[in-house]
Asker: 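First, the structure itself, so that you have it in front of you.
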Amino acid sequence: MSVYLDHAATSPPRREVLEAVWPYLTQVTGNPSSSHEAGRAAKAGLDAARQVIADVLGARPGEVVLTSGGTEADNLAVTGIATANPRGRHVVVSAIEHPAVLETAFALRGDGFTVDVVGVDGDGLLDLDALAAVLRPDTTLVSVMYANNEIGTVQPLAEISRLCRALGVPLHTDAVQAAGHLPLDVAELGVDALSASAHKFGGLRGAGFLWVRGVVPLVPLLHGGGQERGRRSGTTDVASAVGTAVALHAAASTREAEVARLTGLRDRLVDGVLAGVPGARLTGHRTRRLPGHASFCFAGVGGETVLAELEQVGIVCSSGSACSADSDDASHVLLATGLDPDVARTAVRFTLGPTTTASDVDAVLDALPGAVRAASR
Ligand code: PLP
């Protein structure tokens, strides 16, 4: 594998993460809940990691709940906040949420909740008027993702927040794709809860966190020893938490330069594909999108066949989201943007990351026209 352009599926751990994690796997191996010296050493590492994460968010460390990744953080946010809120049994999600949010919201119907799904426009931007229209006095949660995994579109969270705040409704955002690439100051974003997953920004797979504003009540999903202030029981994985903190801090410290670099590469890729591949169409917003995200449909061509052709020349990308890559169904995200199901099934996504170079982009621009031609035979 020579050209890896699937960083939205997962991005390799940063070197500094591996170095920081190693002592917590080999020397500082106590349980952070133990009161002896080994436990105290582990707890010190955990506390420091939590503080670093909180600093990047502009939040308090006690508001950070460490989880097994984005899926758990999303499940905890949606179920935990919606059911703890005494206002009623109504939740609102966008039509393009990741299944970790969408399916969790739908599962609440079994507990008597009503779920409203708010649509997006052709670029994947939330319909703000439709959101305003469905908010009710008994709405217990709104969940709208920060940036979409399939089409890269970045939502206007501050505007969404204004609508929610006017009615006192808590706003959760799935920032799994945004974390490491976009600003994460929770006060500026105006959100009340935010999910992130470490392996998307150079941490370890199977690690992440949910930040929940201190005043927002949260019912836990996992019951047991009462770790994470009773919000997520289970022995805390200190090494993973350290890795998450180091990765988040590294990404935040280099963010502006890396965003400029990735945006330049992305725009070259988008412009080159639109100019060089007949029938190519960009999905998602042209500019309000993740810096390293370029996603297309190629009319009349199976996305999976294009992927197979590209893989033969050493280029790895994806047909949309890694999670729905096995499904023949057209993506709910692309359908929500108004694409015809036949067109939506032709999706190909290139996602760039820290290891991506200009020659990787050139390799795609060289190979893609032939791959699409071969796939349309
Ligand atoms: N939310 C979004 C937007 C994602 O892209 C993903 C994974 O791709 C998840 C949630 C789930 O995260 P995890 O794989 O850490 O469980």
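Index from 1, following the sequence.
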Asker: Could you tell me whether R50 and E63 make a salt bridge, using a distance below 4.0 angstrom between a side-chain N and a carboxylate O?
Answerer: no
Asker: When you check the gap from the basic side-chain N to the acidic O, do R289 and D123 get nearer than 4.0 Å?
Answerer: no
Asker: Any side-chain heavy atom of V238 sitting closer than 4.5 Å to one from K43?
Answerer: no
Asker: Would you call R266-D271 a salt bridge at under 4.0 Å N-O?
Answerer: no
Asker: Among E159, R162, Q155, whose side chain to side chain contact (heavy atoms under 4.5 Å, CB included) with L128 holds?
Answerer: E159
Asker: Give a yes or no on whether a salt bridge exists between R268 and D362, defined as a side-chain N under 4.0 angstrom from a carboxylate O.
Answerer: yes
Asker: Can you give me the closest heavy-atom contact between E228 and V64, atom names plus distance?
Answerer: OE1-O, 3.5 Å
Asker: Is it the case that the side chains of R205 and T10 hold a donor-acceptor pair, with the cut-off being a distance below 3.5 Å and no angle test?
Answerer: yes
Asker: Within the 3.5 Å criterion, strictly below it, is a donor on N75 or T104 matched to an acceptor on the partner's side chain?
Answerer: yes
Asker: Taking the side chain as every heavy atom from C-beta outward, state whether H293 and Q177 have any atom pair closer than 4.5 Å.
Answerer: no
Asker: Taking NZ, NE, NH1 and NH2 as the nitrogens, is one of them in E304 or R345 under 4.0 Å from a carboxylate oxygen of the other?
Answerer: no
Asker: Could you tell me if S34 and N31 have a donor-acceptor pair between their side chains, going purely by distance under 3.5 Å?
Answerer: no
Asker: Counting heavy atoms not belonging to H249, are there more than 12 under 6.0 Å from its NE2?
Answerer: no
Asker: Will you find, in the side chains of H90 and D116, an N or O donor that is under 3.5 Å from an N or O acceptor?
Answerer: yes
Asker: Under 3.5 Å, is there a donor on one side chain and an acceptor on the other for S195 and H172?
Answerer: yes
Asker: Could R87 and D138 be called an ion pair, given the rule that one side-chain N must be under 4.0 Å from one carboxylate O?
Answerer: no
Asker: Taking side-chain contact (heavy atoms from CB on, under 4.5 Å) as the test, write out the residues that go with A374, two or more places apart.
Answerer: E309, R377
Asker: Is there a side-chain contact between F350 and V361 (heavy atoms, below 4.5 Å)?
Answerer: no
Asker: T67 side chain to G69 main-chain N or O, any donor-acceptor pair under 3.5 Å?
Answerer: yes
Asker: Please check if atom CZ in R60 has more than 12 non-hydrogen atoms from other residues, nucleotides or ligands closer than 6.0 Å.
Answerer: no
Asker: Does a donor on one side chain sit under 3.5 Å from an acceptor on the other, for D47 and Q51?
Answerer: no
Asker: Tell me whether R261 is salt-bridged to E258, with the criterion being a basic N under 4.0 Å from an acidic carboxylate O.
Answerer: yes
Asker: Is there a side-chain contact between I53 and W211 in this structure, where contact means two heavy atoms from C-beta onward sitting under 4.5 Å apart?
Answerer: no
